[in-house]
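Residue numbering restarts at 1 for every chain, and letters A, B, ... go by the order of the sequence lines. Remember, predicted model here, so these are calculated numbers, not experimental data.
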Amino acid sequence: MLKKKLSRMIQSAVGKAIASGSLKIDKLPSLTIEVPKNREHGDLCSSVSFNLAKQTGRQPEEIAGVILDCLETGDGGSVKFIKKKEIAGRGFLNFFIDESYLRQNLLEIVSEGGGYGSSDSGKGKKIQVEFASVGPTGPIHIGHARGAVVGDALGNILKKSGYETVKEYYVNDVGTQIDILGKSLKARYCELCGLAPAIVENGYEGEYLKDIAGRLKEKHGSGCLEKPPDFFSGFAVEQILECIKKDLSDFGVVFDSWVTESSLYSTGKVAKAIDTLKEKGFTSLKDGALWFNLRQDKGAEEGQEDRENVLVRSTGTPTYFASDIAYHSDKYNRNFDAIIDIWGQDHHGHVQRVRNAVSALGYDPSKLEIILYQLVSLSRKGSPVRMSTRRGEFITLREVMEEVGSETIRFFFLMRKSSSHLNFDLELAKEQSMESPVYYVQYAHARICSIFNEASNKELQIAKCPKGIHSDKLQNANLELLKDDIEIQIMKRLAFFPDEIAEMAVSREPHGLTVYAQEIAGLFHRFYTDHRVISDDRDLTLARLTLVKAIQTVLAGSFGLMGISPKEKM
RNA sequence: GCGCCUGUAGCUCAGUUGGAUAGAGCACCUGCCUUCUAAGUAGGUGGCCGCCCGUUCGAAUCGGGCCAGGCGCACCA
């Protein structure tokens, strides 16, 4: 990673300056390396001198000079990294990457293939991402899909960055809503059997329940009328969960682990969590119910107010809150270094009390990171489409997948940071499809594939896209021939791919994937317009094929993280 | 009322965690195909970064106060 590499170099330079007495500070300042907006300011830059100036009372420019004097750009490797370094803007340190380093990197991209972009920045750390945990009371709808996309992509990014990552789905298969679901199913079933259905208060009314009732009748005839409520809710959950799993996998979202709420009950984890809270004195009885109340002397995070929440209802059944505490306790016991929950913004009221409960149990609350994604408002031709699972008014993920395609949905949902509101217009997504950024990036990939097809036709004997590249031919290409401005620019941006991924892993924000992919695609399209890859000049052809192969590799790599499959032809 | 999120070009949004002259796409003008895909590309128009204070070498970014929009405040999940 370029930034890390330079950061280490500057760090040791500062260390050297301290040792030699030319710099007098007690602690190293936080060191951030950036890519300057203005190309004249180099490829990488740092503003450490400004921070150090504050500590030492000296001029930034002077400090910058001291650091540069101690900086060793040789860095021991065989390939030179920094070509030029300078002080500008009254103290900024600007660095220019040597082209030979970029050319070397190009070969690495081609030989690493799909592995390029990986890093070990998360090595040895175990991390869990739980997302898309939609209760099995109805089909997964388009609003939920945002959480699914964000979580999936983030999980992919973390894995790529070397974290041991578990993508998990939590199934709320017990509770009041599940009981109501069972009753609602029974009502539909009674209808099918020619009986008057019981009226279910706040019952689910979606069409899908009629289908499930139909399947129940098909399987058992009218023989289930006397079955207990559990039977109906169990059947409904089983059917709906199967449908959710199918939807998600068709959407390209894959989980490593599924945990059911019911299992937390059957293994006694819920009871244990409640008992522990009781023992530690975080509970009280009021109106026949057991409440969680935060005590400021224990576990309370600073600046919080006392809050009370019901753990066990006066009826004796624990609430969702209780089982969620047990679930988080279970997560902590699995020894993750970080636990990431991805929830819809509508659950934000739940955030603080879960954090409170977790710290009440004695766990480190800083390990729990809750990402709230803003809800998706769906519209069609500008007019809003309201959704409610209970009333059965919703647009399902499957419907939208069939209408606009899963890749468009995924790309769209990754284009905005998760804290931004997102309006998804069905008609617009379709209409724009020809002009959309999804096609823009796909088109770049497809064009490259086309070049390789042509190359194989032209007796160059370069393998076809995308597999089986004869990398030895490309490895021997004379990359010195890549010297046009746009070629250098492309090599630079490709070299930053590992940095980009590592940064997204740290910020937990996968939306940079779309930004980066569009940028690479844009550079390629510019290159493609002005330069021919395949020409009579065999050496230049090989060099450019290597460049283009690297672009293709990186594009496909970013698509993979987004969960989008690269197109070979359009 | 309390809490969370958002406010950047006409529209949809980026903005490297406080850096140097704020960027894309769409839309609107003007160019570029005998060639590996024009689903592309070059250029132009377009900005009190919601408003006001503050913090400092430096603010779209951090803090406070307003204004506007979205969402949440159950013995639901």
Side-chain angles (χ1 to χ4, degrees), chain A residues 3 32-38 40-41 45-47 50-51 53-54 59-60 88-92 94 133-135 137 172 175-178 180 202 261 286-291 305 309-315 317-321 323-324 344-352 372-375 377 390 415-423 425 428 432-440 442-444 446-455 457-458 496 499-500 503 506-507 511-512 514-515 518-519 521-522 524-535 541 544-545 548 569-570:
Chain A
K3 289 184 182 177
T32 55
I33 305 295
E34 298 166 67
V35 177
K37 277 180 278 197
N38 191 331
E40 287 168 21
H41 296 150
C45 70
S46 170
S47 56
F50 288 90
N51 301 323
K54 199 171 290 174
Q59 290 302 311
R90 295 192 309 280
F92 287 96
N94 295 341
S133 301
V134 180
T137 54
N172 301 119
T176 315
Q177 293 308 318
I178 298 297
I180 293 173
N202 290 325
E261 188 178 359
K286 199 171 81 186
D287 303 329
L290 186 73
W291 299 70
E305 287 169 24
N309 297 283
V310 172
L311 292 165
V312 183
R313 299 183 185 90
S314 49
T315 58
T317 44
T319 57
Y320 166 84
F321 181 40
S323 51
D324 215 23
Q345 149 77 16
D346 53 340
H347 286 65
H348 94 266
H350 193 50
V351 172
Q352 198 54 58
L372 299 176
Y373 63 90
Q374 293 299 312
L375 301 179
S377 42
R390 190 167 297 157
M415 281 205 304
R416 290 141 178 79
K417 55 181 180 235
S418 42
S419 62
S420 286
H421 296 268
L422 172 59
N423 183 21
D425 192 291
L428 211 62
Q432 273 191 346
S433 65
M434 287 305 172
E435 295 289 333
S436 104
V438 193
Y439 286 79
Y440 184 80
Q442 287 282 19
Y443 187 47
R447 271 181 151 177
I448 294 171
C449 290
S450 186
I451 292 171
F452 277 95
N453 279 327
E454 182 67 16
N457 294 338
K458 286 251 170 101
F496 276 104
D499 288 85
E500 295 280 347
E503 278 166 31
V506 170
S507 68
H511 85 286
T514 57
V515 179
Q518 289 180 85
E519 197 186 341
F524 168 74
H525 287 310
R526 266 173 64 197
F527 164 78
Y528 183 91
T529 304
D530 298 336
H531 301 76
R532 278 200 63 81
V533 173
I534 298 166
S535 66
T541 300
R544 287 190 171 157
L545 279 173
V548 153
K569 211 190 269 182
M570 287 174 75

The nucleotide from rA77(B), rA39(B), rC36(B) with an atom nearest the side chain of R532(A) is rC36(B)

pair_partner(rG3(B)), Watson-Crick or wobble, both distances < 3.5 Å, evaluates to rC71(B)

Of the listed rU16(B), rU41(B), rA38(B), the closest approach to the Y528(A) side chain comes from rA38(B)

note: Q442(A), atom CD; rG40(B), atom C1'; distance rounded to Å ~ 15 Å

- prompt: For E261(A) and S323(A), does a side-chain donor sit closer than 3.5 Å to a side-chain acceptor?
  reply: yes

Span that lies between the P atom of rC11(B) and that of rC4(B), in whole angstrom: 29 Å

Looking only at rA20(B), rA77(B), rC36(B), the nucleotide nearest the H350(A) side chain is rA77(B)

Centroid distance below 5.5 Å plus an interplanar angle below 30 degrees: do Y440(A) and rG25(B) meet both conditions? no

side-chain N/O H531(A) vs rU35(B) OP1/OP2, d < 4.0 Å
no

Atom NZ of K417(A) and atom P of rG7(B) are separated, to the nearest Å, by 6 Å

Query raised in the report: Is it true that Y439(A) and Y443(A) have ring centroids separated by less than 6.0 Å?
Result: no

| task | Report yes if a donor N or O on one partner sits less than 3.5 Å from an acceptor N or O on the other, where the partners are the side chain of N309(A) and the base of rA74(B); otherwise report no. | result | no

Looking only at rU21(B), rA39(B), rC75(B), the nucleotide nearest the E40(A) side chain is rU21(B)

key: Side-chain donor/acceptor of T541(A) to backbone N/O of S535(A), under 3.5 Å   = yes

When rounded to whole Å, the CG to C1' distance for the pair D530(A) and rG31(B) reads 14 Å

Atom CG of N51(A) and atom P of rC62(B) are separated, to the nearest Å, by 18 Å

Between CG of L372(A) and C1' of rU6(B) the distance, given in whole Å, is 13 Å

**Asked** Does OP1 or OP2 of rC57(B) have a side-chain N or O of K54(A) closer than 4.0 Å?
**Response** no

- [ ] Test for a donor-acceptor pair under 3.5 Å between the base of rC5(B) and the side chain of Q345(A), counting only N and O atoms.
- [x] no

Considering only heavy side-chain atoms of T176(A), the closest of rA77(B), rG19(B), rU6(B) is rA77(B)

From CD of Q374(A) across to C1' of rC13(B) the rounded distance in Å is 15 Å

Base rC75(B) to side chain S314(A), donor-acceptor N/O within 3.5 Å cut-off = yes

H525(A) NE2 to rC32(B) C1', in whole Å, measures 16 Å

Could you check whether the side chain of H421(A) and the base of rG69(B) have a donor-acceptor pair of N or O atoms closer than 3.5 Å, going by distance alone? yes

- C1' spacing across the pair rA14(B) / rC49(B), given as an integer number of angstrom: 13 Å

From CG of D425(A) across to P of rG25(B) the rounded distance in Å is 22 Å

Q.
I'd like to check, for H348(A), whether its ring lies over the base of rG72(B) with centroids under 5.5 Å apart and a plane angle smaller than 30°.
A. no

